[in-house]
Amino acid sequence: MNELTDSQQQAVDHKEGPLLVLAGPGSGKTRVITHRIARLVEVGVAPQQILAITFTNKAAREMVERVESLLPQAKPWVGTFHRFCARLLRRHARGVGLEPNYTILDTSDQRRLLKSVMAELDHDATHFPPQAIAARISRAKNGLQDPQSWAENSRTGIGDFQGRIMAEVYPAYQRALQRSNAVDFDDLLLHVATLLRENSELRRQLDEQYSYILVDEYQDTNLPQYNIIRALSQDFPNLCATGDPDQSIYAWRGAEIGNILRFEQDFPDAEIVRLEDNFRSTKEILRQADLLIAHNVHRKSKVLVTNNDDGPPVELLSFPDGVAEAEGIARQIRTLVEETGRGWSEFAIFYRVNALSRSLERALQRHRIPFQVAAGVGFFERTEVKDIVAYLRLIANPADRTAFERVVNKPARGIGKVTLSRVIKWAAEQGTSLLEAAAAAENIPKLNKRAVKALHGFAQLINELSQNSNSPVAELMNKVLVQSRYTHGWEDDLSDQIEERRANVQELITAAEQYDAEQGQSASLEGFLEDSSLVSDVDQLDDDSGSVTLMTLHAAKGLEYSVVFIVAVEENILPHERALQSEDSFDLEEERRLLFVGMTRAKEQLYLTRTERRNYRGRSQSAIPSGFLQEMDLTAIDVNPEPSGPDWDDAHDQDDSLDDFEPVIKRRPPLDEQADRPQLMTAADLLNGTSSAAKLPLGFSIGMQVRHPQYGVGTVVDVDGFGRRKTATVEFPSGERRHFDIAKSPLQPVGLR
DNA sequence: TTAACTCGTCTTTTT
DNA sequence: GACGAGTTAA
């Protein structure tokens, strides 16, 4: 296996000048890149001159490991575009009007800020959804348009209300970011592109510094990324781009498939290497994938060949509904594990939209199959974690408006909506940060004494904490917890929600300790915050977790599994209805590529599934088989799971509709597993976030006795929802039934578990 | 100011 | 179905 093929060798040995590696799925692309890096170092290139850009942190980590195993002393910089830009921007922040301690907003922070800005401008958020505005802003930024050039380039017609709002909001949002000394994800790229365009000396320097650049997944680069790469490859055009136009699935995010198609024109003397030997999949899987992708018109045709076995046929499984589908997949996985001795981690289930994971998770849970999900509430998105991180952000960057708004009243200090809006207004007039405004609260008109005092107290708290901003992150975090009294009142609270929060906080401290230890001397608050905002869901997946992996088709790119299931291959889901509605045939082709990417993840066995009816978006609709299915030559199998034997209970469980009418005791996932749950979850459990351990229903199960401070003791008669959105219906002795948000209500379990 | 409740809107994929 | 915004009662 250590042998490289001729074309792989060719790519590895190429030294100077631009190189394009067109790599089909499973053609050993990562091997080529890692070997190439090692080779460059061997022939005398300094590791610091090499810049390798990957698509995900996970891919980066993997690459670092593989390069290290080839050549331990080589330590080139490997990371994502966003990370690279964040780091560069740290050093050259002033060039774009930022301070080096700027913060990076994630999607939810960004939306909050946008909302806040819109509220300030008196735009009714219900009529003009911030979501839509955010999307337009993002599109503008991906097109390298700042507010000014956007305004120049877009004639907003009389009827285009959203466009007119945009013309007002975009500049205001951008000013708010600037004043907060903050950037959103798009800005990271945009600012760096601007920096390189406007500062030719800096461009020259960096071009020289990174004289050997490798970019993975080049087909997914957008305009700012493309400009950055080009700017860094002028005097030293030793650019090695790898990618596959057939795997371009991020056009919706501004990726330009044209970038890879144009490579030869952009870099006239480029060498092109094609990797067409597939080492991953069976002949049958490749044949089907090829049949599918051949239907894309806007495509250079390409062959995929393999010496692997023919393999079993690719099956299309049809089920009556989504529950049966999930059930059938769970059973099939179990059967395959029992019959062929495969491990759980050899299986993956892909879906087009995250919403489809629910029924799958339930079925796997019923069958006691361990699984991990790449999605959902990531660790750094949990409330407690975000709160504490917001404190840290405010310490690192006192101008950070989003962070201020988030924690100014956490824990409750009597600073409510009204007070806050007055502070915001005053700060805007004075041109100060919110924190400065809080410190000078006595000058703000219309505030009552209590509010002034509370604001002073908060400003002082942050001020005191800031004295420690250079101590290790974990230490600082502990000070934050103590002095802010964030966990005050949690001490002798044994309820499960508090327990979970405590565990989250503990886990965050552990993460900080880990960061301090790993970074040693170079540890910094900014660095930790940067890490925490640039991790993604896929990054947290564990290859040898011994569990089945669930994820979206997008997240699946670059991965491989022995057995793959792709669910809901139905019209309006895959292809997605948005693509079907679109006039542009490119959108439909992207959906086809998405399925292609999913299919080519499979090494040995591939199943596509569909149903007759599907519960989706709250209603049951009849499902039409995806048009893509006819483009292949699949073996169709009807699966009608006869409710039989021990599974009868499960089948019965599926019928939720009766529960409204009679108080049937619902069967819950095995109670013994709940009882066995360790008091504290392991770090791995928490990082996986949605691992089976964390997914077990927390506390409140049907029949349980609970106490409410107001209504007294009652019995839980129903539980609904997930995670923070979980609700419980409680019946009190008076016969009265009430509905509670578990995360918000003061419900307490009575007695011992 | 806070918690419970009611109502209305949106609904893809992610760094 | 999920989630946010607004309303009401304390």
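A note on names: the letters A, B, ... follow the listed sequences, proteins ahead of strands, and every chain is numbered from 1. Note that the structure is a prediction, hence the values are computed from the model and not measured.
A cation-pi geometry, defined here as NZ or CZ lying under 6.0 Å from the six-membered ring centre and within 45° of its normal, holds between A/R253 and A/Y250. For the pair A/R90 and A/Y102, the cation-pi criterion (under 6.0 Å, within 45° of the ring axis) is fulfilled.
A distance cut-off of 5.5 Å between ring centres, combined with a plane angle under 30°, leaves A/H576 outside any stacking arrangement with the base of B/dT13. Stacking is found between A/W252 and the pyrimidine-like six-membered ring of the B/dT13 base under the 5.5 Å centre-distance and 30° plane-angle cut-offs.
Partners of A/E571 according to the salt bridge (charged side-chain N to carboxylate O under 4.0 Å, His left out) rule, which considers only residues two or more places apart in sequence or in another chain, do not exist here. With sequence neighbours left out, A/R614 forms a salt bridge (charged side-chain N to carboxylate O under 4.0 Å, His left out) with A/E325, A/E570. The salt bridge (charged side-chain N to carboxylate O under 4.0 Å, His left out) test applied to A/D109 returns A/K386, A/R393, not counting sequence neighbours. Under the rule for a salt bridge (charged side-chain N to carboxylate O under 4.0 Å, His left out), the partners of A/D531 that lie at least two apart in sequence or sit in another chain are A/R83. Under the rule for a side-chain hydrogen bond (donor to acceptor under 3.5 Å, both in side chains), A/S180 has no partner lying at least two apart in sequence or in another chain.
With rounding to whole Å, A/K58 atom NZ is found 16 Å from B/dT14 atom C1'. In this structure, the CG atom of A/L529 is 19 Å from the P atom of B/dT15, given to the nearest Å. Here the C1' atom of nucleotide C/dA5 and the CE atom of A/M118 are 14 Å apart, to the nearest Å. Here the P atom of nucleotide B/dT13 and the CZ atom of A/R593 are 18 Å apart, to the nearest Å. Distance CD (A/E577) to C1' (B/dT12): 9 Å, rounded to an integer number of Å. Rounded to whole Å, the distance from CZ on A/F596 to P on B/dT13 is 23 Å. One interatomic measurement links the two molecules: CG of A/N142 to C1' of B/dT13, which rounds to 14 Å at whole-angstrom precision. As rounded to whole Å, 16 Å separates atom P of B/dT13 from atom CG of A/D587.
Contacts between residues 185-196 of chain A and DNA chain B, defined by a heavy-atom separation below 4.0 Å, involve A/F185, listed by number.
Across all strands, A/N409 comes closer than 4.0 Å only to sugar-phosphate atoms, never to a base (heavy-atom distances). Among the protein residues, A/S533 comes within range of no part of the nucleic acid, since none of its heavy atoms lies under 4.0 Å from any strand. If you check every strand for non-hydrogen atoms under 4.0 Å, A/Y250 touches sugar and phosphate atoms only. Contacts of A/T419 with the nucleic acid, taken as non-hydrogen atoms under 4.0 Å apart, involve only primed sugar atoms and P, OP1 or OP2.
The nucleotide whose nearest atom lies closest to any side-chain atom of A/H82 is, among B/dT12, B/dT13, B/dT15, B/dT15. Closest approach to the A/T552 side chain among B/dT15, B/dT12, B/dT14 is made by B/dT14 (side chain taken as heavy atoms from C-beta onward). Side chain of A/V353, nearest nucleotide from B/dT14, B/dT12, C/dG4: B/dT12. The side chain of A/T56 lies closest to B/dT15 when the candidates are B/dT15, C/dA2, B/dT14.
Remark: the A/R352 side chain and the B/dT13 base include a donor-acceptor N/O pair separated by less than 3.5 Å.
Remark: A/R578 does not engage A/D587 in a salt bridge, criterion side-chain N to carboxylate O under 4.0 Å.
Nucleotides C/dG4 and B/dT13 have their C1' atoms positioned 23 Å apart, rounded to a whole Å. Remark: the separation of the C1' atoms in B/dT12 and C/dA5 is 24 Å, to the nearest Å.
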Residue pair A/K141, A/D146: steps toward the salt bridge (charged side-chain N to carboxylate O under 4.0 Å, His left out) verdict:
CA-CA 7 Å; A/K141 288 183 175 178; A/D146 59 21; over 6 Å; no
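For the pair A/N354 and B/dT14, the criterion of a side-chain N or O lying under 4.0 Å from OP1 or OP2 is met. Within the 4.0 Å cut-off from OP1 or OP2 of B/dT12, not a single side-chain nitrogen or oxygen of A/R253 is found. One finds a side-chain N or O of A/K115 lying less than 4.0 angstrom from the OP1 or OP2 phosphate oxygen of C/dA5.
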